[in-house]
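The next block holds one structure in the form of structure tokens; read it before the comments.
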Amino acid sequence: MAAVPSSLEPVKLGSGYNTPWWAHAIKWGLLALVLAAGLFVVQKLVANGSWFGVVITAFILTCVLAVYSTRRAVPMKYLLPGLVLLVTLQIWPIVYTVATAFTNYGQGHVLSKEDATAQSIAQSVKEVEGSERYKLSIAVPEGSDVATGDLVFLLTGADGKMQVGTKDGLTELSADGVEKTDTGKITKAPGYTILNAKEANSRSADLEAFAVPVSTSAGIKAVGLSGAFQGAPTLTYDKAADTLTDTVSKEVYSPQNAYWATADGKRLPTGWKENVGSRNFSDLLTNPTIRAGFFKIFLWNVAFAALSVASTFLLGMLLALLFNDEKMKGKGLYRSLLILPYAIPGFVTALVWASMFNQEFGLVNSLTHLNIDWLGNAWAAKAAILIANLWLGFPYMFLVCTGALQSIPGDVKEAAKIDGANAFRTLRSIIMPLLLVAVGPLLIASFAFNFNNFSLIYLLTQGGPFATDNTSIGSTDLLITYAFRLAFSGASPNIGLASAVCIFIFFIVAAMSYSGFRRTKSLEEVN
């Protein structure tokens, strides 16, 4: 037997395989970039005091180094990026949503109790009688971002003395390189970047909470953008009694529903975020106003999703059956035209339909010579949404059904024809069962998508029309648009309550999807 040529010998793997030097260089270069980026993120997290984020980032960096620095764990080299993205983009948002649903997080309840207390005390600062006034320039240390850098007060006293005020106190400012106006306001100072009016106004919240300490009970606060005064807070905090006391009015504030409030109901404007248990869920089920609106929205939500799936599937299937006939000419052209609505972005189509349903100038009323208030009447708005969604959804069902029909063997239909089955019987007993085997799971997925079809509702009707006595619940609202309005709109956005609605949506869709998949399992016997 002839010897095996060396060119055909198997390649040695493991320690016997010599990796090119440039491959090692690229690998370690990429690892160094990832570690450098991670260390930069850790530095920012430490500066913000986000120690939980520091731990998570450090853990991810350790995993990256352990997996990619050796030749072991080859499958994990491919799985790790997906696992990191899964946790950060899917699992963590779910966990955070669930955690938020058990809090009162929303407008007026964003800060911790400690931060809310400190802000209330800072807002109670009043000018100390007989104290000095200053000319003020608002600045940040040179090289810092004007939008996020530490605030600095450049102050000029009545005697012309210049000082720098930071969170640590006052220090004298050297006159070298300093430029001032005739009134004494500093316009340039070495080592500092002075904010213009627009930049200073954008940081009004930071300015409200910032004060330069001059003693244990007094500090320098800004008044406008060009002046400052020495003030002292009128509120004092008693940690042992957990109360705030107004030294002027002698009123005592205690914690009530995550606000500082007096016994007669007077409360300070800044509240805090706290755990409220199952209150958000009980409000959805027991509060008469919220419960009535919630169940009304739920019924329309189920009807909208079911009717959308049924109408788009029926139209798409009928068109697929029509263009699946071998005798029809030009099927390719017709199919291309029918999928055009699917090729146009959905938000563009929704806006176009919104303009076409305009009562006075819309194309629909112009062509039909009707005078229907499509977007102002509750039932007409629901019909408009179903029509627009039919236009958006039938091309997808047409494509799916076309593919499923073309996969059905021709000899099955031929056998039915020989047995004497007419076209309707063949469709009912042969084509439909085989078709549903392929499209059944897709119908369930389509139901879940339409159950949360936020963009169509928001762009077409924004959940309206609304009743005059209740502007928080619209006639065409879905649960997802209702949750959005609770979280980000209205007089008092309540993200905690909106998160509870999202959890209800998840369990509703999960239960319906589970039931649907159990039913479609019986179709597997068709094959």
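In this chain, residues are counted from 1 in sequence order.
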Does one side chain, of [X] or [Y], offer a donor that lies under 3.5 Å from an acceptor on the other?
{"X": "T117", "Y": "W260", "result": "yes"}
{"X": "W374", "Y": "N358", "result": "no"}
{"X": "D115", "Y": "S112", "result": "yes"}
{"X": "Y237", "Y": "D242", "result": "yes"}

Can you check whether [X] reaches [Y] side chain to side chain, under 4.5 Å on heavy atoms?
{"X": "I372", "Y": "Q359", "answer": "no"}
{"X": "S366", "Y": "F361", "answer": "no"}
{"X": "F323", "Y": "F398", "answer": "yes"}
{"X": "M397", "Y": "S446", "answer": "yes"}
{"X": "F466", "Y": "S475", "answer": "no"}
{"X": "V439", "Y": "L436", "answer": "yes"}
{"X": "D150", "Y": "V140", "answer": "no"}
{"X": "F357", "Y": "I387", "answer": "yes"}

Say you draw a straight line from [atom1] of [X] to [atom2] of [Y]; how long is it, rounded to the nearest 0.5 Å?
{"X": "S472", "Y": "L486", "atom1": "OG", "atom2": "CG", "result": "7.0 Å"}
{"X": "I60", "Y": "T88", "atom1": "CD1", "atom2": "OG1", "result": "7.0 Å"}
{"X": "K44", "Y": "T57", "atom1": "NZ", "atom2": "OG1", "result": "14.0 Å"}
{"X": "L392", "Y": "I385", "atom1": "CG", "atom2": "CD1", "result": "12.0 Å"}
{"X": "L363", "Y": "T368", "atom1": "CG", "atom2": "OG1", "result": "9.0 Å"}
{"X": "N104", "Y": "E274", "atom1": "CG", "atom2": "CD", "result": "5.0 Å"}

Nearest non-hydrogen partners of [X] and [Y], listed with the distance:
{"X": "P433", "Y": "S429", "answer": "CG-O, 3.5 Å"}
{"X": "Q406", "Y": "N324", "answer": "CG-OD1, 3.7 Å"}
{"X": "A305", "Y": "F447", "answer": "CB-CE1, 3.5 Å"}
{"X": "F517", "Y": "P441", "answer": "CE2-CB, 3.9 Å"}
{"X": "T103", "Y": "T100", "answer": "OG1-O, 2.8 Å"}
{"X": "L151", "Y": "F210", "answer": "O-CZ, 3.6 Å"}

Give a yes or no on whether the backbone of [Y] and the side-chain of [X] come within a donor-acceptor separation of less than 3.5 Å.
{"X": "K221", "Y": "K126", "value": "no"}
{"X": "S407", "Y": "A404", "value": "yes"}
{"X": "N377", "Y": "A380", "value": "yes"}
{"X": "N452", "Y": "I480", "value": "no"}
{"X": "Q123", "Y": "S120", "value": "no"}
{"X": "S515", "Y": "A511", "value": "no"}
{"X": "S124", "Y": "T234", "value": "yes"}
{"X": "R203", "Y": "G149", "value": "yes"}
{"X": "Y259", "Y": "P269", "value": "no"}

Self-check item: Residue pair V34, L65: steps toward the side chain to side chain contact (heavy atoms under 4.5 Å, CB included) verdict
Solution: CA-CA 9 Å; V34 172; L65 189 61; over 6 Å; no

With side chain to side chain contact (heavy atoms under 4.5 Å, CB included) as the test, would you mind laying out the steps for W353 and L456 before giving the verdict?
CA-CA 10 Å; W353 275 101; L456 177 66; over 6 Å; no

Is it true that, when you exclude F454 itself, more than 12 heavy atoms of the residues, nucleotides or ligands shown sit nearer than 6.0 Å to its CZ?
yes

Would you say CD of Q43 has more than 12 non-hydrogen atoms from neighbouring residues, nucleotides or ligands within 6.0 angstrom? no

V110 meets the side-chain contact (heavy atoms from CB on, under 4.5 Å) criterion, sequence neighbours left out, with Y105

Candidate pair I408 and L405, rule side chain to side chain contact (heavy atoms under 4.5 Å, CB included), full reasoning | CA-CA 5 Å; I408 297 175; L405 288 173; 4.1 Å; yes

Problem - salt_bridge(R485, D477) N-O dist < 4.0 Å - result: yes

Salt bridge present between K266 and E251 (N-O < 4.0 angstrom)
yes

Please tabulate, one pair per line, all N/O donor-acceptor pairs under 3.5 Å involving side-chain atoms of residues 458-465, not counting sequence neighbours.
{"from": "T461", "atom 1": "OG1", "to": "I457", "atom 2": "O", "distance (Å)": "3.3"}
{"from": "T461", "atom 1": "OG1", "to": "G463", "atom 2": "N", "distance (Å)": "3.2"}
{"from": "T461", "atom 1": "OG1", "to": "T476", "atom 2": "OG1", "distance (Å)": "2.8"}

Are F294 and F298 an aromatic pair by the rule of ring centers under 6.0 Å? no

query: F102 vs F281 aromatic rings, parallel, tilted or perpendicular, using cut-offs 30° and 60°?
result: tilted

Ring-plane angle category for Y396 and Y342, please: parallel below 30°, perpendicular beyond 60°, tilted otherwise. tilted

Please report, to 0.1 Å, the donor-acceptor pairs under 3.5 Å made by any side chain of residues 306-320, with sequence neighbours excluded.
{"from": "S308", "atom 1": "OG", "to": "F304", "atom 2": "O", "distance (Å)": "2.7"}
{"from": "S308", "atom 1": "OG", "to": "N389", "atom 2": "ND2", "distance (Å)": "3.0"}
{"from": "S311", "atom 1": "OG", "to": "L307", "atom 2": "O", "distance (Å)": "2.8"}
{"from": "S311", "atom 1": "OG", "to": "S308", "atom 2": "O", "distance (Å)": "3.2"}
{"from": "T312", "atom 1": "OG1", "to": "S308", "atom 2": "O", "distance (Å)": "2.6"}
{"from": "T312", "atom 1": "OG1", "to": "V309", "atom 2": "O", "distance (Å)": "3.2"}

Quick one, L351 with V348, criterion side chain to side chain contact (heavy atoms under 4.5 Å, CB included). Give me CA distance, side-chain angles, the key distance, then yes/no. CA-CA 5 Å; L351 293 174; V348 174; 6.0 Å; no

